[in-house]
Amino acid sequence: MSITATVLTLVFIGLTILLSLWQRLGLERDLLIGTIRAAVQLTLVGYVLLVVFELRDWPYIVLMVMVMILVAAQNAARRGNQIPQVFWKVLAAITATEVMAMLVMLGLEIIPPTPQYVIPISGMVVGNAMIVAGLLLNRLQAEIEAGRQQIMVALSLGATARQAVLPVLRKTVRAGTIPIIDNLKTVGLVQLPGMMTGLIIAGVSPEVAVRWQLLIMFSLTAVSAVCAIVLAFLTYPALFTPAHQLREPGRSRDPAKS
Amino acid sequence: MMMFSLDDLWKSRFDGKECFNALEGLSASVHGGDIVTIVGPSGSGKSTLLLLLNRLEDPDRGRITYLGRDLRKWNVLDLRRQVGMVFQQSVMLSGTVRENVLYGPRLVGRECDEDPEALLRQVGLDSSLANRDARDLSGGQQQRVALARVLANDPAVLLLDEPTSALDQNAARGIEELLLGMQREKGLTCLWVTHDLAQALRLDGETWVLDCGRLVEAGPTVEVLNQPQHPAAREYLRSRLERGEAR
């Protein structure tokens, strides 16, 4: 794809801005910022990848993956700002997820240990974990409020916080993983997924492109489940006191400490 | 035997806009086998008090002892099994009636000791209901399951937060008689929150009148209801009588 062709893709943004002006959607400012950010960020990442691919050194690969995880954790943690130390919990969940995914892929030699493979696939893993983490944080507090009476009854019968909250956690984790499982069922029928499309456009045979796509989809299924479960179990204790008491809504810290 | 001793209890709550005191320096005591009826206007702290007694919440200030020992020194999970709570809305946990009744014993691996069918019969339910989904039962049946579920833990104290107020009159009288019978048979200590003064009279124990988080009147039910001394207690009882409740 030539530079001219790339520049011409701005036609789509121009079209959206015209639509926004015409229908008074007020999207122009956000569209401009988003377009500039996307272009600058992706161009920079392109150059960084070029350097890392040249160097082929593990410390650079690890550093790059760590930056991805940090940004993803910060982004997802915003959804749970009422939970104390939510950033660290999300960071731990996303890191655990990425480590699990890479252990399987590199350990079983599904992908070669080179930056060309590790970095883009890590990006997909971390990005997916970020979305799952945000979704889970969003839902967990709402589900706990909805299930408050059940939790109180279970606690009053002598259940620990964990025993009392388990049905709610299961429901929340299920909600976090259902989208990707639904996706597994319809993929190819409704849309050709991004990685496969990219490979086919770059000249790879559809047969090989499908194999890569399967790897991504299967691994992202596990990524969603692992990230959701780890984060749910790291997060729920903040909603209870050490004496197995469910905190009042909006009081996920001790009033004395906040 | 002194069951509970409550000493200068304070508890603040947040209603979404502002903080207010649900309890303001409440002190009282409960003896073993007592049946204490707790009455008072909405928001006077009745339900909050019950939540403190099995430590679903802690007071901000003050001290509660159970059997002479500070509540905070008890293993909270043991305490909650000994001090059972029946809520106003009978919330069924997911699963069958049997699973609901066995919920408490299963938490401590005591499944074999309990006969859920016997417990169901005890609360006046047909044991054939054991395998039904608990959420399919009527309100009255669910409240009986809730009671069997608490009794399965073999408690010494029952905290009852308006256990009959969501039921029709027949179901309510049935539960009330059942509880009274069991209280007498097992010597259970009961703290029973109610709005129904006729019910308080039938229970015929001690009555506490709460107003704005304070205990304004306490004594034998007949005396408290017939000759209230405190202006707030008189006002509350008068307002209930105007709503057509028998004295």
Side-chain angles (χ1 to χ4, degrees), chain A residues 81-84 139-178 229 232-233 236-258, chain B residues 11-16 19 22 47-48 50-58 60 71-95 100-108 110 134-135 142 145-146 149-155 158-159 161:
Chain A
N81 49 17
Q82 284 184 316
I83 299 164
R139 285 199 69 138
L140 185 61
Q141 299 189 65
E143 290 284 356
I144 284 188
E145 274 325 301
R148 195 172 184 85
Q149 284 187 311
Q150 265 91 359
I151 295 173
M152 291 287 268
V153 164
L155 290 174
S156 77
L157 290 166
T160 61
R162 185 190 165 118
Q163 288 165 327
V165 83
L166 208 55
V168 174
L169 288 190
R170 284 202 188 109
K171 202 170 158 194
T172 315
V173 168
R174 217 178 295 147
T177 40
I178 277 177
I229 289 171
F233 278 94
Y236 87 82
L239 304 168
F240 291 86
T241 71
H244 305 280
Q245 296 161 326
L246 182 57
R247 292 184 198 274
E248 277 182 63
R251 274 197 188 180
S252 48
R253 303 160 200 259
D254 276 333
K257 286 181 195 158
S258 61
Chain B
K11 177 75 183 171
S12 73
R13 283 206 180 285
F14 184 67
D15 64 1
C19 263
S47 299
T48 302
L50 294 194
L51 292 175
L52 299 187
L53 291 179
N54 74 347
R55 279 204 79 195
L56 281 171
E57 293 185 8
D58 282 330
D60 301 332
L71 215 56
R72 289 168 191 257
K73 299 231 166 87
W74 286 85
N75 174 319
V76 67
L77 305 179
D78 287 343
L79 175 83
R80 288 183 189 150
R81 276 188 277 275
Q82 288 186 40
V83 182
M85 176 121 176
V86 178
F87 294 83
Q88 181 177 7
Q89 299 290 340
S90 49
V91 177
M92 292 292 101
L93 302 169
S94 68
N100 266 271
V101 172
L102 288 177
Y103 185 84
R106 278 182 179 170
L107 292 170
V108 285
R110 276 202 300 125
R135 294 179 190 190
Q142 288 192 353
V145 173
R149 191 169 60 187
V150 170
L151 292 172
N153 274 340
D154 199 16
L158 281 183
L159 307 174
D161 192 357

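In what follows, chains are A, B, ... by sequence order, proteins preceding strands, each numbered from 1.
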Interface moiety of Arg149(B) toward chain A, non-hydrogen atoms closer than 4.5 Å: both
Anything in residues 150-163 of chain A with a heavy-atom distance to chain B below 4.5 Å? Please list those residues in order. Gln150(A), Met152(A), Val153(A), Ala154(A), Leu155(A), Ser156(A), Leu157(A), Gly158(A), Ala159(A), Thr160(A), Gln163(A)
Residue among Leu56(B), Asn54(B), Val76(B) with most heavy-atom pairs under 4.5 Å to chain A: Leu56(B)
Quick check on Val91(B) against chain A: is it the side chain, the backbone, both or neither that has a heavy atom closer than 4.5 Å? both
Go through the atoms of Leu51(B) and report whether side chain, backbone, both or neither lie under 4.5 Å from a heavy atom of chain A. side chain
Can you tell me which portion of Asp58(B) sits under 4.5 Å from chain A's heavy atoms? Options are side chain, backbone, both or neither. both
Considering only distance and modelled atom types, tabulate donor-acceptor pairs under 3.5 Å from the side chains of residues 164-174 of chain A, sequence neighbours left out.
from: Lys171(A); atom 1: NZ; to: Glu143(A); atom 2: OE1; distance (Å): 3.3
from: Thr172(A); atom 1: OG1; to: Val168(A); atom 2: O; distance (Å): 2.7

Strictly distance-based, threshold 3.5 Å: is any side-chain N or O of Gln245(A) a donor or acceptor partner for the main-chain N or O of Arg55(B)? yes
Max heavy-atom pairs within cutoff under 4.5 Å with chain A, candidates Met85(B), Glu57(B), Arg72(B), goes to Glu57(B)
Non-hydrogen side-chain atoms of Phe87(B) and Gln149(A) separated by less than 4.5 Å: no
What part of Gln89(B) is in contact with chain A, defined as an atom under 4.5 angstrom from a non-hydrogen atom: side chain, backbone, both or neither? side chain
